[in-house]
J.: 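Shown below is the structure under consideration.
A, B, ... follow the sequence lines: proteins, then strands. Residue 1 opens every chain. Atom set for the values below is all heavy atoms of this structure, side chains included, hydrogens, waters and symmetry mates excluded.
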Amino acid sequence: MASHLLALIVFSVLASVVFAMLLRDDRQSRVRFALMTVGAFVLSAVVVGWLMYPFPN
Amino acid sequence: MEKEKIIVGEQRAGAAIPACLFAWLLPGAGHLYLGRVGKGLVFLGAIGALFVLGVIMDAGLQMHLGFDDPLALLRSLAQMALGVPYFLARALGFEAGNVTSVTYEYGNTFTEVGGLLNVLVILDAYDVAVGRKR
């Protein structure tokens with residue numbers, strides 16, 4: 001898995017599923033929570049990545 | 001005044017310690033032991049996938065127990081929280097990883113986070129066993 005984006009998405013999905021199962025009790029709120037957490041993981045990583053763009057070293 | 005204990009699920013006397021032990025040995029096994037089959041299988045699948053993918057991505061599984069390198073100690077403790085899969089992978093020769101691999105740090109992150117998530121799962125199994133959660 002040499003793609004950084006693919007690694008990020010896979011990691012986000014797996015971690016979000018565990019968080020959703022731990023923190024929510026019914027299926028609908030688990031799905032909603034997992035989707036929001038995946039989005040937050042991916043979006044924050046992309047934003048932080050761009051913020052670091054001017055400082056490559 | 002004594003704080004009132006909130007019980008939301010079925011309490012299983014004496015189940016907390018074996019549930020936590022099983023949950024450490026194999027992610028999700030504590031919940032399977034407590035009859036929470038769906039939750040247990042999801043934990044087993046998700047945390048197991050994090051660990052297997054981490055090993056495939058050349059993660060290092062060295063056991064560092066000294067205080068000379070505190071970050072390496074914390075990393076080892078996080079990975080050890082995965083229980084049997086961690087020790088099995090070491091026994092099968094995946095201990096060293098491949099530090100020159102482009103995915104080495106990703107692999108480390110996957111395995112460490114898998115272990116840390118399993119700590120939360122162990123605590124959840126305890127809560128289920130004492131009746132604080134369903």
J.: For A:Phe55, what residues pass the ring-ring contact (aromatic ring centres under 6.0 Å, His included) criterion, not counting sequence neighbours?
T.: none
J.: Do any pairs count as a salt bridge (charged side-chain N to carboxylate O under 4.0 Å, His left out) and have a residue in residues 107-119 of chain B, sequence neighbours left out, and if so which ones?
T.: B:Arg75-B:Glu112
J.: Flag the pair B:Phe110 / A:Phe11 as yes when their ring centroid distance falls below 6.0 Å, and as no otherwise.
T.: yes
J.: When B:Asp124 is tested against each of B:Arg36, B:Arg132, B:Lys39 for side-chain hydrogen bond (donor to acceptor under 3.5 Å, both in side chains), which residue passes?
T.: B:Lys39
J.: Heavy atom to heavy atom, less than 4.5 Å: which residues from residues 23-33 of chain A reach chain B?
T.: A:Arg30
J.: If you link ILVMFWY side chains whenever their heavy atoms are less than 4.5 Å apart, which other residues fall into the same cluster as A:Val48? By chain and number, please.
T.: A:Met52
J.: Thinking salt bridges, do B:Lys133 and B:Asp127 make one under a 4.0 Å N-O criterion?
T.: no
